[in-house]
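Working notes, beginning with the structure itself.
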Amino acid sequence: MISPWDRWYSTSCCLCCHVRTGTIILGIWYMLINAVVLLILLSALNDPVQYRYHLTSSELGTDIDVMDDANICIATAISLLMILICGMATYGAYKQHAAWIIPFFCYQIFDFALNTLVAISVVVYPNTVQDYLQQLPGTFPYKEDIMSTNNMCLVFAVLLFIGCILSFKAYLIGCVWNCYRYVSGRGTTEVLVYVTTNDTTV
């Protein structure tokens, strides 16, 4: 009987490329995104006056710092950690070291769980969508039109959007998991070579 893990195992992913190639591309893509975020955060630390954002008193009634120095430092550390994890996954897939892929796979599971909790919170508390829209600044495009929409339609649209994101993330998790299984399988499989001649077989 075939186990569920073996039933979904495949060595190819989107665009008919190998799971190793897909994992390398995914790791490089995540590294590029986090590198851009890191550059923005470092620019904010270098010139805090230019990049400091305040919510005006006309919007929330108080003057609140959205990004202070402590939050920027924490976000910078997280970006550095993410670049390290994505670099490990890229290196592990390229050099076929399965253990290097595990941290990136764990990050994907954690990210998927967080997005699932967001979807569950929208289902359990549908009024949170309207509350979030009210917190948006007045200059946000089409804010009034969106808020005038029926609440159930908004919840359905948000759930549909989150569902598409979760499906895509689940597919990427499957690709990285198949890459891990492929690399770990190649590392543990022993290949026996038989040299055949006319007289003897070694």
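Throughout, residue positions are numbered sequentially from 1 according to the sequence presented.
Summarising the geometry, atom CG belonging to D111 is positioned 3.5 Å from atom NZ belonging to K169; distances are rounded to the nearest 0.5 Å. Note: F168 CZ to Y171 OH = 9.0 Å, rounded to the nearest 0.5 Å. Between T76 atom OG1 and L42 atom CG the span is 5.5 Å, to the nearest 0.5 Å. Between the CG atom of L172 and the CH2 atom of W29 there is a distance of 12.0 Å, given to the nearest 0.5 Å. Summarising the geometry, atom SG belonging to C73 is positioned 11.5 Å from atom CD1 belonging to I78; distances are rounded to the nearest 0.5 Å.
The only option from I165, L160, V158 that meets the side chain to side chain contact (heavy atoms under 4.5 Å, CB included) definition with I162 turns out to be V158.
With hydrophobic clusters built from ILVMFWY side chains whose heavy atoms lie under 4.5 angstrom apart, Y125 does not share a cluster with L159. M88 and I25 fall into different hydrophobic clusters, where Ile, Leu, Val, Met, Phe, Trp and Tyr residues are linked whenever their side-chain heavy atoms come under 4.5 Å apart, directly or through other members. Under the 4.5 Å side-chain heavy-atom criterion for grouping Ile, Leu, Val, Met, Phe, Trp and Tyr, L81 is connected to I109 within one hydrophobic cluster. Follow the hydrophobic side-chain contacts under 4.5 Å out from F112 and you reach I33 in the same cluster. When the side chains of ILVMFWY residues are joined at heavy-atom separations under 4.5 Å, either directly or via intervening members, F161 and F156 end up in two distinct hydrophobic clusters.
Taking 4.5 Å as the limit, every side-chain heavy atom of M31 sits out of range of all side-chain heavy atoms of M82. In this structure the side chain of L26 never reaches within 4.5 angstrom of the side chain of C175, judged on heavy atoms. When side chains are defined from C-beta on, Y30 does not count as touching I85, because their heavy atoms never get closer than 4.5 Å. F105 is not listed as a side-chain neighbour of Y180, based on a closest heavy-atom distance of 4.5 Å or more. For the pair L80/L84, no side-chain contact is recorded, criterion being any heavy-atom separation below 4.5 Å from C-beta on.
The two atoms that bring I24 and A93 nearest to each other are CG1-CB, 3.7 Å, heavy atoms only. Smallest separation of non-hydrogen atoms from W100 and G92: CB-CA, 3.6 Å. In terms of heavy-atom proximity, T23 sits nearest to V176 at OG1-CA, 3.9 Å. Minimum interatomic distance between S79 and L41 (heavy atoms only, all atoms of both residues): OG-CD1, 3.8 Å. Heavy-atom minimum distance, I101 versus C179: CD1-SG, 3.9 Å.
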* To do: Check the pair H18, Y182 against side chain to side chain contact (heavy atoms under 4.5 Å, CB included), reporting the backbone distance first and the verdict last.
  => CA-CA 10 Å; H18 199 273; Y182 172 79; 3.4 Å; yes

* What do the steps show when you test Y91 against H97 for side chain to side chain contact (heavy atoms under 4.5 Å, CB included), and what is the final call? -> CA-CA 8 Å; Y91 178 80; H97 298 305; 3.8 Å; yes

